[in-house]
Structures are given as structure tokens and as C-alpha cells.
Amino acid sequence: MLKTPIVLASQSASRRALLSAAQVPFEALSPQVDEEAAKEALRADGLDARKLADALAELKALRVSRRVPGGLVLGCDQTLSLEDGAMIDKAVDRADAERILKLLSGRVHYLHSAAVMALNGEPIWRHIERVRMTVRPLSDAFIAQYLDSDWEECRWCVGCYRIEGPGAQLFNRIEGSQFAIQGLPLLPLLDFLRIRGVLTA
């Protein structure tokens with residue numbers, strides 16, 4: 001068990017659920033980051049999807065770490081890229097979600113799930129996992145039905161799906177960790193906490 005709670009620099013319901021299920025005590029604080037502005041600035045610097053996820057996770061961790069002296073602060077982020085490297089953002093509305101799902105239909109894409117731990121305003125650990133996702137061919141009727149059933153939940157997810165919900169029906173092959181798909185490279189994080197002596201071995 002964890003001796004002292006970590007601080008999750010996120011309000012993500014899926015990340016909170018993963019930590020809770022793994023019995024990792026934590027408190028969640030908003031990083032108060034203008035994520036879209038930060039993302040655009042980092043993209044202007046030429047960062048690819050993997051580096052962008054890492055940089056955004058670090059930004060969130062450091063922002064909260066400066067408010068919590070002596071606390072271990074976990075920042076996370078996730079990006080989605082196609083095989084050609086083009087990045088896909090969260091849908092701005094339902095019509096955009098339909099466009100994204102049609103774009104992903106029958107194709108392979110990659111999720112990059114990054115986590116950075118900060119202490120006293122400095123990063124002390126980081127990990128990035130990539131998951132290869134193959135979407136089956138999706139009919140327009142299925143996309144409409146799927147969004148009817150899960151829009152209020154999946155609208156907050158990059159790629160417009162929750163793998164732990166009906167979004168599982170979008171795929172015919174997944175290569176990688178389901179934890180990473182849900183937004184957190186959980187097993188490497190638990191290893192870090194054990195190595196550091198924060199989590200009992």
C-alpha cells in the first residue's frame with residue numbers, strides 16, 4: 001500500500017478510476033493549463049505525437065508540483081496519430097466525431113500515453129507507452145448508433161471511444177496495454193512507486 005498519497009494533476013475520470021482500482025491513494029488537482037494553447041505552441045515547435053504527449057504530461061505535472069512542495073505529482077496526457085504521423089484531436093462536436101470515426105474506420109492508428117512524475121517543480125520519472133489500434137470497417141449506420149449511445153461519455157476521449165465501454169466494438173485488433181488506452185501507463189507507474197519505496201514491495 002502507498003504510504004502517502006500521490007497528487008494526480010488531472011480531473012480525468014478514467015485515470016482516477018485506474019488509480020482507485022489499483023488501490024493507489026491519491027488526490028486530484030486541476031493543473032489549470034490551457035491545454036489547447038499549449039498543444040498548439042508545442043506543435044509549432046515540430047513535436048510529433050509521442051513527444052507532444054510527453055511534453056503536455058510534464059507541463060501538467062510541473063504546474064501542480066509548484067503548488068505542492070514535497071509532494072509526488074503525476075501528470076498525464078495522451079495523443080493519437082495515424083500511420084503517416086498525422087495527429088487527431090478530440091472532437092469539437094458530434095459532427096466532428098462522425099468525421100473522426102469515418103477517418104479511423106478500417107485503419108490503424110496509435111495512442112501515445114505519457115506519464116511524468118514531478119517533485120518540487122522538477123521531473124523525476126517519465127514513461128510513454130504506444131498502443132497500436134486497428135479499427136474495423138465502420139458503417140455510417142453503426143457510427144450514428146454508437147454516438148447515440150455513448151456521445152456524452154466518448155466526446156471527452158481522443159478518438160471518440162472509451163475502450164472500457166461500447167468503444168470496444170470499434171476494434172478488431174489491439175496491440176498494447178488497455179491501461180495505456182485508458183490514459184495511464186499503470187504498470188510502469190506502480191514499478192516506479194515500488195522502486196522509490198513509496199509503494200510496499
Side-chain angles (χ1 to χ4, degrees), residues 6-16 18 28-69 71-93 95-97 99-104 107-135 154-161 163 175-177 179-189 191-192:
I6 64 171
V7 179
L8 175 64
S10 171
Q11 296 296 312
S12 162
S14 62
R15 293 186 182 109
R16 295 199 307 268
L18 287 173
L29 293 177
S30 170
Q32 298 177 352
V33 168
D34 184 338
E35 195 165 333
E36 290 308 310
K39 189 181 295 185
E40 288 307 310
L42 291 165
R43 277 180 172 166
D45 289 338
L47 271 63
D48 62 15
R50 184 180 188 279
K51 292 179 180 177
L52 180 62
D54 181 54
L56 289 169
E58 179 175 301
L59 175 64
K60 295 171 185 177
L62 297 184
R63 183 67 61 89
V64 172
S65 181
R66 296 186 185 106
R67 290 154 42 197
V68 188
L72 284 173
V73 178
L74 177 64
C76 306
D77 202 85
Q78 189 178 61
T79 57
L80 185 157
S81 63
L82 302 177
E83 288 191 294
D84 62 3
M87 283 183 263
I88 304 295
D89 291 324
K90 293 177 183 177
V92 297
D93 54 28
D96 194 36
R99 177 191 66 81
I100 290 170
L101 290 170
K102 288 177 182 178
L103 180 64
L104 298 180
R107 300 177 66 179
V108 169
H109 67 269
Y110 299 94
L111 285 179
H112 309 267
S113 184
V116 174
M117 191 72 77
L119 178 65
N120 295 324
E122 296 292 336
I124 61 170
W125 173 85
R126 64 194 338 116
H127 187 86
I128 308 168
E129 283 192 33
R130 188 183 81 158
V131 183
R132 189 176 192 267
M133 315 281 290
T134 304
V135 178
C154 74
R155 67 185 302 173
W156 311 109
C157 304
V158 65
C160 305
Y161 54 81
I163 197 68
E175 299 165 70
S177 163
F179 299 131
I181 299 170
Q182 292 176 252
L184 181 62
L186 182 63
L187 299 185
L189 171 65
D191 280 341
F192 164 76

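These values consider heavy atoms only, across backbone and side chains, with no hydrogens, waters or symmetry-generated copies.
Taking 4.5 Å as the limit, some side-chain heavy atom of P188 sits within range of a side-chain heavy atom of W125. For the pair I124 and L72, the minimum side-chain heavy-atom distance is below 4.5 Å. Considering only heavy atoms from C-beta on, R126 stays 4.5 Å or farther from I128 through its side chain. Put simply, the side chain of Q11 reaches to within 4.5 Å of the side chain of R16, judged on heavy atoms. Residues D77 and E35 form a side-chain contact, since some pair of their non-hydrogen atoms from C-beta on lies under 4.5 Å apart. Looking only at side-chain heavy atoms (C-beta outward), R67 and V7 stay at 4.5 Å or farther from each other.
Partners of E122 by salt bridge (Lys or Arg N to Asp or Glu O under 4.0 Å), not counting sequence neighbours: none found. For D89, the side-chain contact (heavy atoms from CB on, under 4.5 Å) partners are K39, R43, not counting sequence neighbours. Not counting sequence neighbours, the partners of E175 by the side-chain hydrogen bond (donor to acceptor under 3.5 Å, both in side chains) test are R132, R173.
Residues G183 and C76 share a closest heavy-atom pair of O-CB, 4.0 Å. When all heavy atoms are compared, the tightest approach of G75 to A9 is CA-CB, 4.3 Å. Taking each heavy atom of V73 and A61 in turn, the nearest pair found is CG1-O, 3.5 Å. Contact detail for V64 and P31: the closest heavy-atom pair is CG2-CA, 3.5 Å. The two residues G159 and L104 have their closest heavy-atom pair at O-CD1, 4.0 Å. Between A55 and L42, the shortest heavy-atom distance links the atoms CB-CD1, 3.8 Å.
Judged by distance alone, the side chain of D45 and the main-chain N or O of L47 form no donor-acceptor pair under 3.5 Å. A donor-acceptor pair under 3.5 Å is absent between the side-chain atoms of Q182 and the main chain of I163, judged by distance alone.
The one candidate from H112, R130, H109 that meets the side-chain hydrogen bond (donor to acceptor under 3.5 Å, both in side chains) condition with S81 is H112.
Distance check: Q78 CD to S14 OG gives 7.5 Å after rounding to the nearest 0.5 Å. In this structure, CD1 in I6 is found 9.0 Å from CZ in F192, a value given to the nearest 0.5 Å. Of the inter-residue distances, the one linking L103 atom CG with I88 atom CD1 reads 4.5 Å to the nearest 0.5 angstrom. Expressed to the nearest 0.5 Å, how far CG of L74 lies from CZ of R15 amounts to 8.5 Å. Rounded to the nearest 0.5 angstrom, H127 NE2 and L186 CG are separated by 11.0 Å. Remark: T79 OG1 to L56 CG distance equals 8.0 Å, nearest 0.5 Å.
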Open item on the list: The test is salt bridge (charged side-chain N to carboxylate O under 4.0 Å, His left out); show your working for D96 and R99 and say whether it passes.
Closed with: CA-CA 5 Å; D96 194 36; R99 177 191 66 81; 2.8 Å; yes
